[in-house]
**Q** 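Before I ask anything, let me first share the structure, which is written out below as structure tokens.
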Amino acid sequence: MSLRIDKLLANMGYGTRKEVKKLLKSGVVKIDDVIVKDPKTQVNPNEQVVIVWGEEVEYKEFIYLMMNKPPGVISATEDVEEETVIDLLEEEDRVFAPFPVGRLDKDTEGLLLITNDGQLAHQLLSPKKHVPKTYFAVIDGEVTEADVEAFRRGVILDDGYETKPAELVILKSGLRSDVEVTITEGKFHQVKRMFQAVGKRVVYLKRIQMGPLSLDPTLELGEYRELTDEEVECLKQFMPSDTKKGNL
């Protein structure tokens, strides 16, 4: 893989293309110990060593982040009025132009994957892959075994759509019930609408798992971290085998 040195440095957060050109002219950039000043110089970051100000540039093409999305923030890359999950990222992560994989409602919190790997995102969101997503929910009303069975069969939403079978686990039942629900599709407000279909209302919703990826319990609301190599590899089980290589 070969790319221009100015593009590589811009992608790694060393400034705009214009700022990177000034950086190159100053003579602080080296490729394999040779000073480089031409922004068009080609470099293979996987085979060559790039040095800026005496420090090696650790190049990566893709970024994979796990966020504990807080309520009140929208799952979008930008918005003129609302705060987005991308606004919560450090500048060093925003330079990769990442985007949220799927959406969590504005008032829903929990696990959100953010990446710039479009291929992986497409596979995780593909209806054909049936990637399971698990939520913890607090329900206004008593959740019963009849509801569990209804979810297992699939329920009819308000627009007439019949959902695929879902797994509903009752953690606590009463006037307020605690449950976990796992779905394999992502219709608009689906979990809320499924409970609405059985005459109940969701008052709190938090996504705790997506595929093999579980929310890190050490992440406070609004915090995020990079995925480990192992976590990325687990997610890539949903990708065609010929596209898995070389993406870390």
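Along the sequence shown, residues carry numbers from 1.
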**Q** Any salt bridge (charged side-chain N to carboxylate O under 4.0 Å, His left out) pairs touching residues 200-209, not counting sequence neighbours?
**A** Asp140-Arg201, Asp147-Lys200

**Q** Can you tell me if Gln42 and Ser2 form a side-chain donor-acceptor pair at under 3.5 Å?
**A** yes

**Q** Of all residues at least two apart in sequence or in a different chain, which pass the side-chain contact (heavy atoms from CB on, under 4.5 Å) check with Glu92?
**A**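 Result, side-chain contact (heavy atoms from CB on, under 4.5 Å) vs Glu92: Glu90.
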
**Q** Any side-chain to backbone donor/acceptor pair from Asn68 onto Gly222? Under 3.5 Å, distance only.
**A** no

**Q** Mind checking what makes side-chain contact (heavy atoms from CB on, under 4.5 Å) contact with Thr41, not counting sequence neighbours?
**A**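 Thr41 satisfies side-chain contact (heavy atoms from CB on, under 4.5 Å) with Ile5, Ile31, Val36, Asp38 once adjacent residues are dropped.
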
**Q** Is there any salt bridge (charged side-chain N to carboxylate O under 4.0 Å, His left out) pair reaching into residues 96-114, and which pairs are they, with sequence neighbours excluded?
**A** Glu82-Lys106, Asp105-Lys192, Asp107-Lys192

**Q** I'd like to know if the side chain of Glu149 reaches the main chain of Ala146, judged simply by a donor and an acceptor atom lying under 3.5 Å from each other, with no hydrogens or angles considered.
**A** no

**Q** Show me the pairs that pass ring-ring contact (aromatic ring centres under 6.0 Å, His included) and involve residues 84-122, at least two apart or across chains.
**A** none

**Q** My understanding is that only residues two or more places apart in sequence, or in another chain, count here; which of them pass side chain to side chain donor-acceptor pair (under 3.5 Å) with Thr182?
**A** Thr134

**Q** Using every non-hydrogen atom in the two residues, find where Asn116 and Phe62 come nearest and quote the distance to one decimal.
**A**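 Residues Asn116 and Phe62, closest heavy atoms: OD1-CA, 3.2 Å.
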
**Q** Ignoring hydrogens and angles, tell me if any N or O in the side chain of Asp178 forms a donor-acceptor pair with the backbone of Lys172 under 3.5 Å.
**A** no

**Q** Can I get a per-line list of side-chain donor-acceptor pairs under 3.5 Å for residues 155-163, giving both atom names and the distance, sequence neighbours left out?
**A**
unit_1 : atom_1 : unit_2 : atom_2 : d
Asp158 : OD1    : Arg193 : NE     : 3.1
Asp158 : OD1    : Arg193 : NH2    : 2.8
Asp159 : OD1    : Tyr161 : N      : 3.0
Asp159 : OD1    : Arg193 : NH2    : 3.3
Asp159 : OD2    : Arg193 : NH2    : 3.1
Tyr161 : OH     : Glu185 : OE1    : 2.6
Thr163 : OG1    : Val155 : N      : 3.0

**Q** Is it true that atom CD of Glu55 has more than 12 heavy atoms of other residues, nucleotides or ligands lying nearer than 6.0 Å?
**A**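 At most 12 heavy atoms, drawn from other residues, nucleotides or ligands, come within 6.0 Å of this atom.
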
**Q** Just grab all the salt bridge (charged side-chain N to carboxylate O under 4.0 Å, His left out) pairs involving residues 21-30, residues at least two apart or on different chains.
**A** none

**Q** Counting distance only, does the side-chain N/O of Thr84 pair as donor-acceptor with the main-chain N or O of Asp79 below 3.5 Å?
**A**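 Checking the backbone N and O of Asp79 against the side chain of Thr84, no donor-acceptor pair under 3.5 Å is found.
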
**Q** Please identify which of these residues, Leu215, Leu235, Leu124, meets the side chain to side chain contact (heavy atoms under 4.5 Å, CB included) condition with Met210.
**A** Leu124

**Q** Over all heavy atoms of both residues, which pair between Leu112 and Gly102 is shortest? Give the atoms and the distance, please.
**A**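 Reported closest heavy-atom pair: CD1-O, 4.2 Å.
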
**Q** Check whether any side-chain N or O of Ser75 sits under 3.5 Å from a backbone N or O of Leu104 as a donor-acceptor pair, and report yes or no.
**A**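 The answer is yes, because a donor-acceptor pair under 3.5 Å joins these two groups.
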
**Q** Identify which one of Asp117, Asp229, Thr228 satisfies the side chain to side chain donor-acceptor pair (under 3.5 Å) criterion when paired with Tyr64.
**A**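 One option only clears the test, and that one is Asp117.
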
**Q** Could you work out, with side-chain contact (heavy atoms from CB on, under 4.5 Å) as the rule, every residue matching Arg17, not counting sequence neighbours?
**A**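 Arg4, Asp6, Lys7, Ala10.
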
**Q** In sequence, state the C-alpha distance, the side-chain angles, and the governing distance for Tyr59 and Asn46, and then conclude on side-chain hydrogen bond (donor to acceptor under 3.5 Å, both in side chains).
**A** CA-CA 8 Å; Tyr59 176 76; Asn46 294 323; over 6 Å; no

**Q** Taking only residues two or more places apart in sequence or in another chain, which ones pass side-chain contact (heavy atoms from CB on, under 4.5 Å) with Lys37?
**A** Ile35

**Q** Step by step, work out the side-chain contact (heavy atoms from CB on, under 4.5 Å) result for Met67 and Leu111.
**A** CA-CA 6 Å; Met67 176 180 285; Leu111 173 63; over 6 Å; no

**Q** Listing request: all salt bridge (charged side-chain N to carboxylate O under 4.0 Å, His left out) pairs with a residue in residues 210-220, at least two apart in sequence or in separate chains.
**A**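 Salt bridge (charged side-chain N to carboxylate O under 4.0 Å, His left out) check on residues 210-220 returns Asp216-Arg225.
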
**Q** Quick test of your reading: applying ring-ring contact (aromatic ring centres under 6.0 Å, His included), list the pairs with at least one residue in residues 172-209, sequence neighbours left out, ordered by first then second residue.
**A** Phe151-Phe195

**Q** Taking Glu223 first and then Lys69, would you say they form a salt bridge - that is, a charged N and a carboxylate O separated by under 4.0 Å?
**A**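 The answer is no: the pair does not qualify as a salt bridge.
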
**Q** Any chance you could lay out the side-chain contact (heavy atoms from CB on, under 4.5 Å) test for Val29 and Ile51, step after step, and finish with the verdict?
**A** CA-CA 6 Å; Val29 179; Ile51 303 289; over 6 Å; no

